[in-house]
Structure formats: C-alpha cells, structure tokens
Amino acid sequence: MQNHPNVTAVRDALESAGATAEIVILDEAVHTAALAAAALGIEVGQIANSLIFDADGEPLLVLTSGAHRVDTAKVAALLGVGKLKRATPEFVRRHTGQAIGGVAPLGHPKPVRTLIDVDLEQYPVVWAAAGVPQSVFPITYPELVRVTAGTPAPVA
C-alpha cells in the first residue's frame, strides 16, 4: 500500500510542502472517522475528514473534525455559493484522483479550494487520510493549514 499511486502523490505533496508527516498504513481500511479513531486509539474529533462538496459545479474540500457534521447552509453562506451539495463519487474522483473514504487534504491533480474546520485547532495533532482508506498521516493544525493553503473557518 505504501507504493499505491495515491499514497505516493500524497507523500510527494507533503514532502514538496516541507511537511514532516509520515504516512501510516493501517491493517484495515477505515472509511469513517469513528473507525479511523478506533484504529489509531485517539478521539474521533482528531480525525480531519476530507469531504468534497459540489459548490455550484466547482469542487470544495472541507476538512472537518470527525466529531461533527458540516453545516452546508452555513458554508454556502460563508462562501457566497448558491448551491452546496455533497459530491458524487465520480465528481470526487475526477477532482481529487481519490475515492471517497480515502480522500487526502492534498495530492490532487490540481489544487482544490479548501476550508479547514477551526474546531480541529484544539488538538495538538490531527490525522488525515493519505489517498486510500487504509492510509493516514498525523499533522498539526497550523501545518495542515499551511500545506493545503486552506482557509480556517467555522464549518459546523
């Protein structure tokens, strides 16, 4: 799994950004924040879920704490977007090169507009997917903001 093209793309993106995060390959796929937290022995809130939305036809990546759901009306109003909806699996793969359940915050074919949940800031380390459902990496909130060029925002 370490050599999967998606994991390699995430590793390369982290290295290019000067991040120190090491990708961890879990024994089994973790398709939810609860499963990832259990596998890692951490709080579910420390999981940075990578959720792709369709914002008037453009991709929007929201990195949200696994402890809550994105308030799509709030995010749409914040961005001035007419319609914000959960993306289809095909839309996600087209814009990230990755499948739902393993979408990383970086390593996509081209940059995706990104919002980062301010609730993640309370944790010394958060964990994000690394391109496939059984790969994750630890990162600090400030470094996550830096490497993704994301905008911190209240999203819940």
Side-chain angles (χ1 to χ4, degrees), residues 1-11 13-14 19 21-55 58-76 78-79 83-109 112-145 147-148 150-156:
M1 216 27 69
Q2 282 283 4
N3 295 323
H4 189 283
N6 290 352
V7 175
T8 299
V10 172
R11 184 181 303 108
L14 286 166
E22 289 290 325
I23 294 174
V24 174
I25 304 298
L26 302 170
D27 292 335
E28 295 185 28
V30 289
H31 293 279
T32 67
L35 289 172
L40 293 165
I42 60 172
E43 292 179 46
V44 72
Q46 287 178 264
I47 300 298
N49 275 339
S50 295
L51 304 176
I52 297 288
F53 291 90
D54 180 333
E58 292 298 316
L60 172 69
L61 173 59
V62 178
L63 298 173
T64 187
S65 169
H68 57 247
R69 292 187 166 277
V70 172
D71 181 335
T72 54
K74 182 180 197 175
V75 171
L78 176 74
L79 298 176
K83 190 169 187 182
L84 184 70
K85 62 184 180 180
R86 198 68 174 261
T88 65
E90 297 78 22
F91 185 93
V92 172
R93 191 174 291 278
R94 183 175 27 181
H95 291 286
T96 68
Q98 303 161 357
I100 292 173
V103 175
L106 70 175
H108 311 136
V112 176
R113 184 177 189 184
T114 303
L115 293 181
I116 304 177
D117 189 346
V118 294
D119 286 353
L120 289 168
E121 190 172 20
Q122 68 184 296
Y123 300 103
V125 174
V126 296
W127 289 77
V132 295
Q134 59 269 44
S135 63
V136 293
F137 65 92
I139 193 165
T140 65
Y141 183 81
E143 192 167 39
L144 182 62
V145 171
V147 302
T148 61
T151 302
V155 299

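At least one side-chain heavy atom of Q98 sits under 4.5 Å from a side-chain heavy atom of H108. By the 4.5 Å heavy-atom criterion applied to side chains, P152 and V145 are counted as neighbours. Residues I139 and V126 meet the side-chain proximity criterion, which asks for heavy atoms closer than 4.5 Å. In this structure, the side chains of D117 and V62 stay at 4.5 Å or more apart for every pair of heavy atoms. For the pair V30/L40, no side-chain contact is recorded, criterion being any heavy-atom separation below 4.5 Å from C-beta on. The closest side-chain heavy-atom distance from I42 to I47 is below 4.5 Å. Taking 4.5 Å as the limit, every side-chain heavy atom of D119 sits out of range of all side-chain heavy atoms of V155.
In terms of modelled atom types and a separation under 3.5 Å, the side chain of S135 and the main chain of A130 share a donor-acceptor contact.
The distance from atom CG of L51 to atom CG of L115, rounded to the nearest 0.5 Å, is 11.5 Å. In this structure, CD on E58 lies 12.5 Å from CG on L84, to the nearest 0.5 angstrom. One distance of note links CG of L35 with CD of Q134; it measures 12.5 Å at 0.5 Å rounding. Separating the CG atom in L144 from the CG atom in L106 is a distance of 8.5 Å, to the nearest 0.5 Å. A distance of 13.0 Å separates OG in S65 from CD1 in I116, rounded to the nearest 0.5 Å. Taken to the nearest 0.5 Å, the CZ atom of R113 stands 13.0 Å off from the CD1 atom of I52.
Between P138 and E22, the closest heavy-atom pair is CD-O, 3.3 Å. Nearest heavy-atom pair, D71 versus K74, reported as atom, atom and distance to 0.1 Å: OD1-N, 3.0 Å. Closest approach of F137 and A21 over heavy atoms only: CD1-CB, 3.7 Å. The minimum heavy-atom distance linking A104 with G131 is given by the pair CB-N, 3.7 Å. The two residues A153 and L78 have their closest heavy-atom pair at CB-CD2, 3.7 Å.
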For this session: Check the pair R86 / F53 against side chain to side chain contact (heavy atoms under 4.5 Å, CB included), numbers first and verdict last.
Result: CA-CA 5 Å; R86 198 68 174 261; F53 291 90; 3.8 Å; yes
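Around NZ of K83, the count of heavy atoms belonging to other residues, nucleotides or ligands within 6.0 Å does not exceed 12. No more than 12 heavy atoms of other residues, nucleotides or ligands lie within 6.0 Å of CZ in R69, so this atom counts as exposed by the packing criterion.
Partners of Q46 by side-chain hydrogen bond (donor to acceptor under 3.5 Å, both in side chains), not counting sequence neighbours: none found.
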